[in-house]
Amino acid sequence: FERADHPSLLFVGIVQQNCLRDCMTGTGWGKTRAWVPGPPDTDCVNEFCSDPETKHYCDNSQVRILRLEEIQSYGPFFSRFLNSKLWRGETYYMQIDAHTEFRRGWDTSLVDQM
């Protein structure tokens with residue numbers, strides 16, 4: 001939303017896959033790599049929707065969320081399928097992963113390229 005020219009026209013669908021209890025995480029590298037107990041994952045959508053700067057996007061139903069526990073996760077292909085079910089007929093639709101960074105005006109640039 002922050003870097004879009006027209007954030008009021010954006011609708012975001014999120015499939016959030018979090019570990020909530022008995023979490024494990026990786027540590028080390030190579031031969032020192034090991035699984036160790038870790039804290040539960042942060043609910044990033046709750047943080048986003050609680051922030052006074054971004055709460056209005058959630059209040060305006062511009063953020064659609066499907067929450068899954070880690071144990072319910074069947075990998076990226078299934079998650080993309082589930083995410084596609086959050087589409088509600090908007091004119092444009094794209095899927096990205098959680099690690100994408102946007103440049104300013106990305107929404108206008110993408111539409112101009114079509």
Side-chain angles (χ1 to χ4, degrees):
F1 292 102
E2 180 181 335
R3 294 183 179 171
D5 285 339
H6 308 285
S8 64
L9 300 178
L10 296 179
F11 294 86
V12 176
I14 301 167
V15 177
Q16 183 170 276
Q17 303 170 91
N18 282 1
C19 179
L20 303 178
R21 60 187 159 280
D22 302 322
C23 302
M24 299 294 287
T25 189
T27 185
W29 190 255
K31 292 182 181 182
T32 65
R33 186 89 173 135
W35 284 106
V36 297
D41 294 323
T42 301
D43 187 323
C44 297
V45 176
N46 271 351
E47 286 187 3
F48 181 83
C49 292
S50 298
D51 187 318
E53 295 285 322
T54 54
K55 181 180 183 302
H56 64 280
Y57 297 117
C58 302
D59 293 344
N60 292 337
S61 300
Q62 289 178 255
V63 177
R64 302 171 189 143
I65 177 76
L66 174 61
R67 287 182 173 87
L68 299 175
E69 288 195 43
E70 185 179 47
I71 194 75
Q72 298 170 305
S73 172
Y74 293 109
F77 295 114
F78 186 63
S79 296
R80 286 184 178 272
F81 167 75
L82 293 175
N83 200 323
S84 73
K85 300 301 180 183
L86 299 175
W87 175 67
R88 297 290 179 265
E90 292 82 12
T91 302
Y92 303 107
Y93 172 86
M94 71 175 197
Q95 284 196 349
I96 59 168
D97 75 6
H99 307 286
T100 302
E101 291 189 33
F102 292 95
R103 67 178 187 178
R104 297 226 176 269
W106 65 270
D107 53 333
T108 300
S109 177
L110 284 177
V111 171
D112 288 349
Q113 293 177 49
M114 291 188 207

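- A pairwise comparison of heavy atoms in C44 and Q16 identifies N-OE1, 3.5 Å as the closest pair.
- Ring geometry for W106 versus F102: interplanar angle of 30 to 60°, hence tilted.
- Note on L10 and W87: separate hydrophobic clusters, where clusters join Ile, Leu, Val, Met, Phe, Trp and Tyr whose side-chain heavy atoms are under 4.5 Å apart, directly or indirectly.
- Under the 4.5 Å side-chain heavy-atom criterion for ILVMFWY residues, a single connected hydrophobic cluster contains both V15 and F78.
- Here the side chains of V111 and Y92 are in contact, with some heavy-atom distance below 4.5 Å.
- In this structure, Y93 places its OH atom where more than 12 heavy-atom neighbours from other residues, nucleotides or ligands lie under 6.0 Å away.
- Remark: the T42 side chain and the E47 side chain contain no N/O donor-acceptor pair separated by less than 3.5 Å.
- At least one side-chain heavy atom of L82 sits less than 4.5 Å from a side-chain heavy atom of L68.
- Note on L86: it does not cluster hydrophobically with I65, by side-chain heavy-atom contacts below 4.5 Å among ILVMFWY residues.
- Taking OG1 of T108 as the start and CD of Q113 as the end, the distance is 11.0 Å to the nearest 0.5 Å.
- Atom CD1 of I96 has more than 12 heavy atoms from other residues, nucleotides or ligands within 6.0 Å.
- Checked by atom type and distance alone, the side chain of D107 never pairs as donor or acceptor with a backbone atom of A4 at under 3.5 Å.
- The minimum heavy-atom distance between C23 and L20, with the atom names listed, is SG-N, 3.9 Å.
- Between the CE atom in M94 and the OG1 atom in T100 there is a gap of 7.5 Å [rounded to 0.5 Å].
- To the nearest 0.5 Å, the span separating CG on N83 from CG on D97 amounts to 11.5 Å.
- To the nearest 0.5 Å, atom CD of residue Q72 and atom OG of residue S79 are 11.0 Å apart.
- Contact check for E53 versus E2: no side-chain heavy atoms found under the 4.5 Å cut-off.
- To the nearest 0.5 Å, atoms SG (C49) and CG (D51) are separated by 9.5 Å.
- Ring geometry, F1 versus F48: the interplanar angle falls under 30°, so the pair is classed parallel (tilted spans 30 to 60°).
- Around atom CZ of R88, more than 12 heavy atoms belonging to other residues, nucleotides or ligands sit under 6.0 Å away.
- Interatomic distance, I14 CD1 to L66 CG, rounded to the nearest 0.5 Å: 10.5 Å.
- A side-chain hydrogen bond (donor to acceptor under 3.5 Å, both in side chains) check over residues 57-67, counting only residues at least two apart or in different chains, returns the pairs D43-R67, N46-R67, K55-D59, R64-E90.
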